[in-house]
Each structure stands twice: as structure tokens, then as C-alpha cells.
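Because only heavy atoms are used, hydrogens play no part in the values below, and waters and symmetry mates are left out as well, while side chains stay in. So you know, we letter chains A, B, ... as the sequences are listed, proteins then strands, and number each from 1.
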Number of protein chains: 2
Amino acid sequence: MKKIVIDVMGSDGKPKEIIKGVLDALKENNNINVILVGKEEEINKTLKNENYDKSRVYIKSATEIVDACDNPTRVLKEKKDSSMVVGLNLIKNGDGECFISCGNTGALMAGATLIVGRIKGIKRPGFGALIPNKKGYYLLLDCGANLDPKPEYLKQYGILGSIYIEEMLNIKNPSVKLVNIGEEKSKGTNVIKEAYELLENTPINFQGNIEARDIPFGDADVVICDAFTGNVILKLTEGFAKSLFEMLREEFMKKSIYKIGALLSKPVFNNLKKKMDYKEHGGAPMLGLKSLVVKSHGNSDARAIKGAVLQCQTFIDKDITNKIIKKIEES
Amino acid sequence: MKKIVIDVMGSDGKPKEIIKGVLDALKENNNINVILVGKEEEINKTLKNENYDKSRVYIKSATEIVDACDNPTRVLKEKKDSSMVVGLNLIKNGDGECFISCGNTGALMAGATLIVGRIKGIKRPGFGALIPNKKGYYLLLDCGANLDPKPEYLKQYGILGSIYIEEMLNIKNPSVKLVNIGEEKSKGTNVIKEAYELLENTPINFQGNIEARDIPFGDADVVICDAFTGNVILKLTEGFAKSLFEMLREEFMKKSIYKIGALLSKPVFNNLKKKMDYKEHGGAPMLGLKSLVVKSHGNSDARAIKGAVLQCQTFIDKDITNKIIKKIEES
């Protein structure tokens with residue numbers, strides 16, 4: 001019985017919303033078993049008022065919390081009894097299969113790499129994010145691990161992303177593209193030009209470069225880039241959607257007749273907002289590790305956490321780690 | 001009498017739309033004088049049917065056209081009689097003050113740097129772009145010149161952008177921010193951290209890092225980054241706006257009642273589209289050269305060209321080149 005481990009303390013030490021999300025996931029999928037890691041007293045206080053299947057929920061005590069401002073490399077030495085470090089060790093020792101945390105990204109990345117460890121042959125793990133586009137979702141990789149990747153890392157992101165998206169979103173032979181300033185093979189930095197060559201020689205469905213303007217239209221299922229570019233794409237998409245909806249609302253408020261128009265077409269905006277909602281999937285998978293580690297937003301609500309837990313269960317059910325190991329050995 | 005030089009051949013050799021834009025600008029501002037560079041016969045054919053002030057329009061013959069696929073470095077040697085090279089030489093020789101081209105970006109950049117030349121003290125010129133945000137417009141710099149800038153270049157972009165936006169958009173003491181993966185000074189690559197330090201010690205209103213999610217809200221008047229990141233921000237903004245309007249349209253078409261709602265609130269969408277329209281300003285200024293060079297989109301319509309010509313006239317009227325020279329000497 002494989003368990004999903006959840007750091008319930010996040011970065012603000014308030015486990016209520018996170019636990020709510022976990023329990024929602026348990027209700028939706030009967031195969032899920034979880035270990036909640038954090039301050040036992042607080043976990044029990046939250047669970048006391050909830051109705052859930054007790055046989056599927058374990059608690060592991062951890063007395064410390066990793067703060068948002070903690071130095072990532074020091075956390076592993078100085079906060080050994082933090083919910084993050086205790087959780088990662090449960091994964092390492094085989095007590096759990098996947099790990100979810102809303103805490104300090106840098107610390108999680110360092111901890112995941114050093115405690116859980118990389119799959120043999122993987123140079124650097126990468127952070128992925130499922131982002132909405134016109135057709136549905138695409139995986140953006142890397143969004144946070146390597147600001148200055150070598151061409152070989154980008155090649156491996158292509159392989160990791162391709163497997164992940166094929167299994168998680170059931171897209172057969174997903175298209176993989178590399179972010180660049182032009183579609184031509186000759187464009188971009190030397191790192192990108194070399195990565196292009198390497199990606200061409202993998203067994204995945206690599207379709208060349210993608211310019212940023214084509215990303216929102218869904219021209220690729222997996223979009224590969226360095227973590228700086230990935231951060232910009234992820235956050236600009238988020239900020240742009242939010243600002244555009246605000247601008248729309250302001251325009252609609254200008255005249256009564258517009259307000260009536262808005263009322264009549266309210267579902268249009270609700271549907272679009274739902275389509276643009278990145279919280280549905282609940283977290284960024286860190287790919288290339290011996291187990292799946294998911295980084296959820298610091299301000300995740302219950303729905304985001306539920307999404308992350310369901311994502312982990314699919315990852316377990318489909319045995320994705322072993323599929324990655326096999327593909328990396330072949331490449 | 002200072003003249004604006006326009007490469008009317010663009011990259012497709014069809015001068016009609018470009019000339020139309022120039023004549024529209026002449027009608028709007030009586031101070032404008034232009035030199036149209038390109039195939040004389042074609043220019044005359046287009047002008048024949050137009051009504052305009054002939055005393056303000058000069059023609060300079062150029063028999064060749066720079067193609068979109070021409071090798072930038074070869075153009076200067078092999079296409080000396082192209083509209084682009086002839087136009088740049090007019091600027092160099094003082095026959096004209098500003099130069100506008102819709103042609104090959106790489107060739108224009110190489111030509112501008114080698115023929116027109118940099119202002120003394122400027123390490124590398126940068127491409128700026130005026131992009132719509134929730135508050136109006138911001139200048140994104142660099143969008144196309146240096147994929148791999150040194151910290152010193154980024155610092156100079158801050159100064160160049162600050163002067164440009166203050167004069168062109170009449171924003172007193174404009175805020176300048178540096179694109180980064182976090183707001184903290186300690187974040188990002190070494191190049192960005194060093195650029196941060198340098199920017200702090202300039203006389204401009206540098207306000208630190210900006211995360212991509214805050215860019216669309218107008219948190220900075222000038223946004224500084226390397227050309228790779230700039231290209232991604234520029235194109236993602238363009239593609240995202242386009243895709244979102246398409247998604248909205250599709251949603252509205254689903255039911256008759258939504259269509260009625262859309263009809264009632266039509267001005268809402270027209271206003272928003274107008275706000276998001278980057279063509280208004282008509283081109284990306286290349287800053288740091290002895291004269292202003294403006295790169296307009298390859299598919300510019302008359303309105304975009306008109307915007308570019310008006311932009312150049314403001315640049316001339318406000319004597320921006322000399323203001324840049326002064327500020328660079330001080331920094």
C-alpha cells in the first residue's frame with residue numbers, strides 16, 4: 001500500500017487548509033493513503049472535527065517548520081525535525097512514495113535532490129508546471145530548478161516532460177518544443193542550439209523551436225526552457241490573465257448597458273476563468289527524482305492541495321518513475 | 001530642417017502600405033519632413049495617386065532590397081544599394097535624423113551599429129518596445145539586441161529607457177525595474193545580481209526587481225532584461241492577448257443569450273482591444289545610437305508606420321539624443 005506524504009505545515013505553519021485538501025482527495029479516490037507530517041497537536045486538532053476514513057490517514061510528528069526565508073542549504077542540517085526534512089526522509093526510506101510541500105522552494109529543491117536523490121543518469125531534476133492554454137494544458141519545464149542549464153539538462157527535460165504528459169494527461173506521443181526567439185534551428189544562444197541538436201536525437205516527438213507568441217495557443221504539449229525563462233512564462237501568464245480580467249471588469253462597470261451585457265453572458269467569463277485556472281492541478285512536479293516531489297504554491301487552497309494529491313496518486317498508479325528509469329537508460 | 005528617413009521597401013518589397021502611413025503622419029504633424037528610400041519607380045507610382053505636401057517629401061533611390069533571410073553581416077557588403085543600407089548612410093552623413101525600417105532585424109541591428117554608430121560611452125545599443133499594460137504603456141528593453149548582456153549593458157539600458165520614456169510619454173522620473181525570478185536583491189543569475197548593484201548607483205529611479213506577474217499591472221515604466229527574456233515577454237504578451245480574445249469569442253458563440261450580452265457590451269471589448277494594441281506606437285526604438293533607428297514589424301500596416309514616424313518626430317523635437325549623451329557622460 002503506497003502512501004503519499006504531505007508536509008502540512010507549508011511555510012506559514014497553518015495546516016488547516018492543507019489538511020482539508022488532503023481529506024477532499026481521500027473522498028474522491030479510495031486508493032489514496034496519506035501520511036500527514038507536521039506538529040501532531042495541530043494536526044489532531046484539525047482532524048478532530050473532520051469526517052474521514054481513519055485507516056487511510058497516518059500522522060508523523062515533526063516539531064519544526066521551514067520558513068520562506070530560511071537558507072535552503074542550511075535547512076537540511078539545522079532543521080532536521082522540520083516537516084519538510086522529516087517528510088523527505090519518509091520518501092527516502094520507502095515509507096512513502098510521493099511528497100507534497102507548499103514550503104520554501106529552494107529548500108525543497110535542495111532537500112529533494114540530496115535526500116530523495118536523482119534517478120541514475122539524470123543530470124539535474126527539473127520543475128514542471130501544468131499551465132492552461134487554448135487547447136487545455138501544457139507542461140512547462142523547467143520552471144524553477146536550473147537558471148543556467150547545460151544543453152544535456154534541456155534534452156533530459158524533454159524526455160521527462162514527454163513521459164509525464166503522456167501518462168498524466170493521456171496524450172499519446174506528445175509534442176515537445178524548445179522556447180526560442182525564432183523557429184529556425186540557427187536561432188538563439190549556443191546552449192539552445194546545442195540542446196536542439198541533442199533533442200533531435202531522442203526518441204521523443206521533438207518538433208523544434210517555439211516562439212513565445214505560439215505558447216498560449218497550445219502549439220506544444222511540452223515546452224522546454226531554462227528556469228529563468230520558465231519563471232517568466234509562468235508568472236507572466238498568471239499576471240496577464242489576472243490583469244486582463246480586472247481590465248474587463250473595469251470596462252464593464254462603466255455603463256449600465258454593459259453590466260446587463262455582462263449579466264447575460266456571465267457563464268462565458270466563468271468558463272474562461274475556469275479554463276485559465278492553474279490551481280486545478282495543484283502543484284509543480286519535480287521530475288527526475290527517485291520519487292515524485294510536488295511543490296505546491298505557498299498560498300495553496302484546499303482545491304490546489306486536492307489536485308496535487310490526486311496528481312500523485314495517478315503518478316503512483318501509472319508507475320511513472322519506472323517508466324522514466326527505462327527511458328533514460330535507453331537514451 | 002531635420003528629416004526622417006524611411007526604408008519603404010520593408011522585407012517584402014511592397015512600399016504602398018508604408019508610404020500610406022508616412023503620408024498620414026505628414027498630415028497629422030506639419031513639422032515632419034521625410035526621405036523615402038527605395039525603388040524610385042515604385043515610390044512614384046504610389047505617390048502619383050496621393051494628395052500630400054510635396055515640399056516635405058524627398059525621394060532617394062535604392063535599387064536593392066534586404067530580404068528577411070539575408071545574412072545580416074553580409075548585407076552591408078553585398079547589398080550596398082539596398083534601401084536599408086542607403087537609408088542608414090543618409091543618417092550617418094547627416095542628411096536625415098532618424099531611420100525607420102520594417103526589414104530584417106539582424107541586418108538593421110548590424111547596420112545601425114556599424115554605419116550609424118554608438119553614442120560615445122554606450123557599450124551596446126538595445127531594442128526597446130512600448131507594450132500595453134493596465135495603466136498604459138511600459139518600455140521593455142532589451143527586446144532584440146543582446147541575448148547575453150553584460151551587467152554594464154543592463155545598467156545602460158536602465159538609463160536609456162528612463163530618458164526615452166520620460167521624454168516620449170511625459171512621465172516624470174519614471175520607475176525602472178529589472179526582470180527577475182523574485183523581488184529580493186539576492187535572487188537570479190550573477191549577471192542580474194551585478195546589474196542590480198550597478199543600477200542602484202545610477203541617478204535614475206531604479207526600484208529593484210520585478211517578477212513577470214507584476215509586469216502587466218504596470219508596476220514599472222521601464223522594464224529591463226536580456227534580449228531573450230525580452231523576446232519572450234513581448235511575444236507572450238502578444239500571443240496571450242490574441243488567444244484570450246479568441247477564447248472569449250468562442251465562448252460567446254455558444255449560446256444566443258451570450259451573443260446578445262456581447263452585443264450590448266461591444267464597446268467593452270473594443271476599448272480593451274484598443275488598450276492592448278501595441279501597433280499604436282509603431283515600432284521598437286533602437287537606443288544608444290548617434291541617431292534614432294526604429295524597427296517596425298515586418299507586417300506593419302499604415303497605422304503602425306504613422307505611429308513610428310510620429311515617434312521619430314517627437315524624438316527630434318525633444319532632442320533626446322543629446323539628452324542621452326549628457327546623461328551617459330555623467331554616469
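Looking at B:Glu250, the atoms closer than 4.5 Å to chain A (heavy atoms on both sides) all sit in the side chain, from C-beta outward. For A:Lys266, no part lies under 4.5 angstrom from a heavy atom of chain B. Contacts between B:Leu263 and chain A at a heavy-atom distance below 4.5 Å are absent for every atom of the residue.
Rounding to the nearest 0.5 Å gives a distance of 4.5 Å between CD of B:Glu246 and NZ of A:Lys134. We find the OG1-CG distance between A:Thr229 and B:Leu236 to be 11.0 Å, quoted to the nearest 0.5 Å. Atoms CG and NZ, from B:Leu264 and A:Lys255 in turn, are 12.0 Å apart once rounded to the nearest 0.5 Å. Going from atom CD1 of A:Ile210 over to atom NZ of B:Lys235 covers 11.5 Å, rounded to the nearest 0.5 Å. Going from atom CD of B:Glu251 over to atom OG of A:Ser265 covers 11.0 Å, rounded to the nearest 0.5 Å. In this structure, CD1 on B:Ile181 lies 4.5 Å from CG on A:Leu147, to the nearest 0.5 angstrom.
Most heavy-atom pairs under 4.5 Å with chain B, from the set A:Asn180, A:Asp214, A:Asp148, A:Ile215: that is A:Asn180. Chain B forms more heavy-atom pairs under 4.5 Å with one residue of A:Gly106, A:Gly144, A:Gly182, A:Ala241 than with any other, namely A:Ala241. When each of B:Ser243, B:Cys225, B:Gly230, B:Ala227 is checked for heavy-atom pairs under 4.5 Å with chain A, B:Ser243 comes out on top. Between chain A and the residues B:Leu244, B:Ile260, B:Thr189, B:Asn133, the largest count of heavy-atom pairs under 4.5 Å involves B:Leu244.
Here the closest heavy-atom approach between residue A:Tyr258 and residue B:Pro267 is recorded as OH-CB, 3.2 Å.
Taking the six-membered ring where the residue is Trp, B:Phe240 and A:Phe240 present perpendicular rings, their angle passing 60° and hence far from 30°.
Side-chain contact between A:Lys242 and B:Arg213 is absent, with no heavy atoms from C-beta onward closer than 4.5 Å.
The number of heavy atoms from other shown groups lying within 6.0 Å of NZ (B:Lys123) does not exceed 12. When the shell of 6.0 Å around NZ of A:Lys185 is examined, it contains more than 12 heavy atoms from other residues, nucleotides or ligands.
In this structure, the ring of B:Phe269 has its center less than 6.0 angstrom from the ring center of A:Phe252.
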